[in-house]
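Below: the structure, in structure tokens.
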Amino acid sequence: MDDAEQNPLDVNMEPDQDGGRQASTAEVVVNEITGTIFIQGRGLKKSLSDPTKLFFFTLGDDLLDESKRSVVPYSIWYEMFGTELLSLKVMEYVGPVSDPQTAHLSSDVLVKVAVYFLHADSEVRKSDEDDDLLQARVTPLPNVQFDGRWDQLAFETNIKEELIWIMENIFRFSRHGNEELSDRDDDNPVFLLHGPPGTGKTTLCQGFAQEISIRFNQKYHEALLIEVNTATLLSKYFSESAKQVDEVFTKVEQMCGENPDRFICLLIDEVESIAASRELGSKRGEVQDAIRATNALLTSLDRIRFHTNLVILCTSNMWDTLDSAFLNRCGFQYRVEIPSNAAKYAILRVRLQKLMRLGVITPYADLPCYRNSECEYFGTEKPGAILLNIVKLIDTNNMSGREITQLPKQAIYRYLRARDCSLDMALGFMQRLLLERRQLSIGHKRKREDEDSMSENDAASCEGA
Ligand SMILES: Nc1ncnc2c1ncn2[C@@H]1O[C@H](COP(=O)(O)OP(=O)(O)OP(=O)(O)O)[C@@H](O)[C@H]1O
């Protein structure tokens, strides 16, 4: 890392005349790696040539698999420039991966550095107040509220990389400039993430939208995330949901059309509310309103997909209730599963590290990655081994990603009675909470079994009488 400090990022970062955003590129040398730096900022007060202002850290050790370390060798973190928040981040490593330990030092490595300005939370507009776009939340991207979410998500599969690659390829070919390739007739940029509740589907979509806005910021100068809450849309406008669906899509279409420099990610959460199977619905004699909403969604998707500056992201907990015509229109479908042990470990590790960074847990202590913790496991009381034990306890508690994420804070809030909380204490609290939960659920189970057997006995004695 010291080498990197001797190689200042000397980049021209003059703000736009109107204080607006700008993008530029420059060559940069980081630790013997030659790469391209993409810059986007607003009203920047300082040049980036002061190397002491930059943080370098290895992202690789957050990844589940050691062999993936070389995929993201370094991340250059964000930095405050006066009141402006500027972020710098190495997105990925593209180069030889034969030797993960040394690959990143090779001179033929291409490093892409994205430098971006984060919009502030307060810029989020609730479109409820704006009659133009009912029941949707519009967030300018990249946004402070989604910062770091992508990195915090841990999955056993490489779903995050796959999503990024799909988007890279879509941009590469369908936005090629060649008319035949750019023809969206066969394109289907509708992503569907489905799986059990609390497995990170919505967060993954939000993080994906943020990543798109950062990675392709040299192509699109503005990016928006439009989140449609289908459940409210149906309940609030019951009997006219088809009209609402149509209006939302018409507005989005208009927003895409009026500015081709603007990229829009449309996120439809709980899509089953407006994409329920019409066949199942009519068998069950369900209201025509839901069926009309599905029809409106299908025709809207057919209409809107020709916009090359739009991607549609949908989530659902109920894949098997979705209309087959809707599923046909989802070009990219991914099942998001309950986290594996390695993913559980990674989620907890990231959360604990965050609490240490924030000073909730002190002092800062090292937590090994999953693989190394397995080496520590036998016969030691090291933090990695204890965390691995906690992961095994979680297994017996059947917890979703959402519950696992909340575990460290919940445990600390519940049991901390001292002024400070060390890592050992936090880990102890987590174990205690999980053991208590397990006892509680065993108690509930026994009670239910006793009640069941009592009612069976009652039934038997009634029959006997
Ligand atoms: N695999 C994971 N890695 C890291 N965090 C996770 C993971 N799964 C869930 N979480 C966390 O759990 C919380 C809830 O996630 P999210 O709302 O995205 O889940 P969901 O699948 O959309 O749930 P639902 O179907 O109930 O809406 C978020 O804070 C998210 O960061």
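Counting convention: from 1, in listed order, for ligands and their atoms alike.
Counting only N and O atoms by type, the side chains of Arg351 and Gln152 include a donor and acceptor under 3.5 Å apart.
Looking only at heavy atoms of the protein, atom 12 (O) of ligand 1 is closest to Arg402 CA, 3.0 Å. Remark: minimum distance from atom 21 (O) of ligand 1 to any protein heavy atom is reached at Lys201 NZ, 2.7 Å. The nearest heavy-atom contact from the protein to atom 1 (N) of ligand 1 is Ala154 O, 2.8 Å. Nearest protein neighbour of atom 23 (O) of ligand 1, counting heavy atoms only, is Gly198 N, 2.9 Å.
Of the candidates Thr203, Thr202, Ile159, it is Thr203 that places a heavy atom closest to atom 28 (C) of ligand 1. Comparing Asn317, Ile347, Val336, Thr405 against atom 25 (O) of ligand 1, the shortest heavy-atom distance belongs to Asn317.
Contacts between Gln152 and ligand 1, counted as non-hydrogen atom pairs separated by less than 4.0 Å, involve the backbone only.
Taking any N or O of Phe155, backbone or side chain, none lies under 3.5 Å from an N or O belonging to ligand 1.
Every salt bridge (charged side-chain N to carboxylate O under 4.0 Å, His left out) that Asp302 has, sequence neighbours left out, goes to Arg329. Remark: Gln333 engages Trp319 in a side-chain hydrogen bond (donor to acceptor under 3.5 Å, both in side chains) (not counting sequence neighbours).
Under the 4.0 angstrom criterion for non-hydrogen atoms, Ala343 is not in contact with ligand 1.
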Checking Val350 against Thr405 for the side-chain contact (heavy atoms from CB on, under 4.5 Å) test, could you report, in this order, the C-alpha distance in whole Å, the side-chain angles of both residues, the deciding distance, and whether it holds? CA-CA 9 Å; Val350 167; Thr405 311; over 6 Å; no

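Using a 4.0 Å cut-off between a side-chain N of Lys or Arg and a carboxylate O of Asp or Glu, Arg292 and Asp246 do not qualify as a salt bridge.
Counting heavy atoms from C-beta on, the side chains of Leu266 and Phe249 come closer than 4.5 Å.
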